[in-house]
Amino acid sequence: MKTSSSMAPSSEALRATLQQAQDRYGTKPNFLRLPEVKRMTAMSRASVYKRMKARNFPQAIRLGSRLTVWIDLEVQDWIQEQIALGRAK
């Protein structure tokens, strides 16, 4: 039996998440798969998931048992935060 954390969100919850992203960023969000996230962030798979677990990276959305995505706007925002932090030192 699957736990609720491993199940895909309901379509209403997914729509709400996407609407929140659109409201926050003012543009329609897109999904990114792990290879795109790794390319954009220059991080390994392990680093992405380690930072997610520590709540230091945007949380993934499970759309199915074998499909995990990130919202592009959240990843881009995280990248900008890292640039700002790096330049502030």
Side-chain angles (χ1 to χ4, degrees):
M1 184 173 163
K2 290 185 178 182
T3 63
S4 60
S5 64
S6 67
M7 294 177 64
S10 68
S11 43
E12 295 84 21
L14 182 57
R15 272 194 288 276
T17 299
L18 294 175
Q19 187 61 51
Q20 287 172 350
Q22 186 168 354
D23 292 346
R24 178 175 179 190
Y25 297 101
T27 187
K28 186 177 179 182
N30 294 298
F31 290 141
L32 299 173
R33 301 288 303 270
L34 183 59
E36 296 160 315
V37 171
K38 288 170 44 180
R39 182 188 55 77
M40 289 174 68
T41 62
M43 292 193 304
S44 68
R45 177 189 186 280
S47 293
V48 168
Y49 281 96
K50 182 178 178 182
R51 287 178 181 254
M52 276 178 37
K53 184 176 182 179
R55 299 283 189 200
N56 294 328
F57 192 75
Q59 297 299 299
I61 301 168
R62 290 193 57 126
L63 296 180
S65 63
R66 296 178 49 90
L67 178 58
T68 302
V69 297
W70 287 260
I71 296 175
D72 64 337
L73 302 170
E74 292 177 352
V75 174
Q76 291 169 7
D77 194 35
W78 180 87
I79 291 168
Q80 292 302 315
E81 289 172 7
Q82 299 312 299
I83 292 169
L85 288 171
R87 291 186 174 159
K89 292 182 180 180

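A heavy-atom distance below 4.5 Å is found between the side chains of Gln22 and Pro29. Between Gln82 and Leu85 the shortest side-chain heavy-atom distance falls below 4.5 Å. In this structure, the side chains of Thr17 and Ile71 come closer than 4.5 Å at one or more pairs of heavy atoms.
For Arg33 against Glu36, the heavy-atom pair with the smallest separation is N-OE1, 2.7 Å.
Of the listed residues (Thr68, Val69, Leu67), just one forms a side chain to side chain contact (heavy atoms under 4.5 Å, CB included) with Arg62, and that residue is Thr68. Applying side chain to side chain contact (heavy atoms under 4.5 Å, CB included) to Val48 and the options Lys50, Arg51, Met52 leaves one that passes, Met52.
Residues Leu73 and Leu34 do not share a hydrophobic cluster, clusters being chains of Ile/Leu/Val/Met/Phe/Trp/Tyr side chains in contact below 4.5 Å. Tracing side-chain contacts under 4.5 Å through hydrophobic residues (I, L, V, M, F, W, Y), one reaches Leu32 starting from Trp78; they form part of the same cluster.
In this structure, the side chain of Asp72 engages the main chain of Asn30 through a donor-acceptor pair within 3.5 Å. Checked by atom type and distance alone, the side chain of Ser47 never pairs as donor or acceptor with a backbone atom of Met43 at under 3.5 Å.
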Derivation and outcome, side-chain contact (heavy atoms from CB on, under 4.5 Å), residues Gln76 and Tyr25: CA-CA 11 Å; Gln76 291 169 7; Tyr25 297 101; over 6 Å; no
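Remark: Trp70 CH2 to Phe31 CZ distance equals 12.0 Å, nearest 0.5 Å. Distance check: Ile83 CD1 to Gln80 CD gives 4.5 Å after rounding to the nearest 0.5 Å. Here the straight-line distance linking atom CG of Leu18 with atom CG of Asp23 works out to 11.0 Å at 0.5 Å rounding.
In this structure, Arg45 satisfies the cation-pi test against Tyr49, with its NZ or CZ atom closer than 6.0 Å to the six-membered ring centre and inside 45 degrees of the ring normal.
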